[in-house]
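Heads up: the structure comes next, in structure tokens.
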Amino acid sequence: MSARLQHPPTLRNPEPLRAIINGKTAIFKTPEEKFHALVAESLRLRAPGSSTDSFFNHAYGQIVAMGWSAVPLLLKESQRQRGHWFTALAWITGIEMVTPAMRGNLRQIRAAWTRWGIENGYITEDSQGQVVQG
Amino acid sequence: LRNLKERECRFISKSTTDYNCVGFAAADYLWWHPQQQDEHFWPEGVPRDFWAKTYVQALATVHFEVCPIQSPAIEDGYEKIVIYHRGSKFSHVAVIAGPALWKSKLGEFEDIEHAAAARKMGEYGLVFKYLRRELKWAGAPLPEQYRILK
């Protein structure tokens with residue numbers, strides 16, 4: 001596929017939702033579909049069972065590039081206790097939720113972001129279970 | 001683990017991304033990682049790299065010291081862990097729970113108990129160092145939320 005766009009994307013005439021999955025451009029109907037494909041790609045790229053492999057990869061970067069549309073999806077993914085998405089949340093929102101004392105304590109960090117998500121209407125407490133206490 | 005068959009080990013926790021093998025060995029149940037400092041724990045003053053010797057330094061902050069005699073044998077008054085490496089880079093740390101019985105946290109998966117003899121070196125590399133910590137510094141037991149109900 002040519003990298004050249006057929007027309008400049010505008011709000012009225014947006015480009016299709018694209019992502020690079022496994023080295024190929026894929027097109028999606030909804031942001032949710034794109035997000036979940038990128039989450040799966042991000043997990044695929046991590047060495048299974050590794051404690052040292054970085055969570056950052058090109059799929060993680062594409063999720064961050066989705067911007068605010070990814071925020072409720074990232075919060076729900078965190079509530080499901082899958083993956084580490086808090087850096088992505090911080091980068092998209094510009095909110096530094098994690099204090100130095102919280103670093104490494106994923107339970108506390110998840111609880112703080114979940115509270116923020118509920119307070120700001122991105123998720124509901126019952127959307128994916130209860131808030132996890134730290 | 002490709003080389004560790006299910007019949008060779010027993011799952012002792014639920015699968016979780018809340019802590020990793022280092023948090024399991026330290027028994028603080030944090031996710032230790034020298035990078036991604038926005039969300040992961042790494043001790044102050046310890047270099048942020050993946051050398052196995054750096055992990056020895058990191059674990060010294062929670063009172064682990066290099067065993068004077070490098071062996072997996074249990075020592076009275078101490079808990080013992082073993083650091084693995086691949087090409088001098090840290091790859092894994094396991095807890096030595098008894099003679100020929102080790103415990104591991106497998107990345108974002110479960111904690112397992114496994115016979116030391118069943119440990120296949122190819123997966124996590126080679127033994128780098130055995131470390132020990134006096135029992136008075138022992139960490140907390142596995143939080144209830146991660147335990148498998150029997």
Within one Ile-Leu-Val-Met-Phe-Trp-Tyr cluster: B:Leu135 and B:Tyr130, side-chain cutoff 4.5 Å
no

Following the transitive rule for hydrophobic clusters with a side-chain heavy-atom cut-off under 4.5 Å over Ile, Leu, Val, Met, Phe, Trp and Tyr, establish whether A:Leu38 and A:Leu17 coincide in one cluster.
yes

Where do A:Ile109 and B:Glu39 come nearest, in terms of heavy atoms and distance?
CD1-O, 3.5 Å

Same hydrophobic cluster for A:Phe56 and A:Leu45, using side-chain heavy-atom links shorter than 4.5 Å among ILVMFWY?
no

Below 30° counts as parallel, above 60° as perpendicular, anything between as tilted: where do the rings of B:His40 and A:Phe55 land?
tilted

Counting only heavy atoms closer than 4.5 Å, note whether A:Trp91 contacts chain B via side chain, backbone, both or neither.
side chain

Do the non-hydrogen side-chain atoms of B:Tyr29 and A:Arg107 ever get within less than 4.5 Å of each other?
yes

State yes or no: do B:Trp32 and B:Trp137 share one hydrophobic cluster built from I, L, V, M, F, W and Y residues joined by side-chain heavy-atom distances below 4.5 Å, directly or via other members?
no

Quick check on B:Phe90 against chain A: is it the side chain, the backbone, both or neither that has a heavy atom closer than 4.5 Å?
both

Out of B:Trp31, B:Tyr19, B:Phe41, which residue meets the side-chain contact (heavy atoms from CB on, under 4.5 Å) rule with A:Leu106?
B:Trp31

Taking atom CD1 of A:Ile20 as the centre, report whether more than 12 heavy atoms of other residues, nucleotides or ligands fall under 6.0 Å from it.
no

Verify same cluster id: B:Trp51, B:Ile83 (apolar side-chain graph, 4.5 Å)
no

Roughly how far apart are B:Thr17 OG1 and A:Arg80 CZ, rounded to 0.5 Å?
13.0 Å

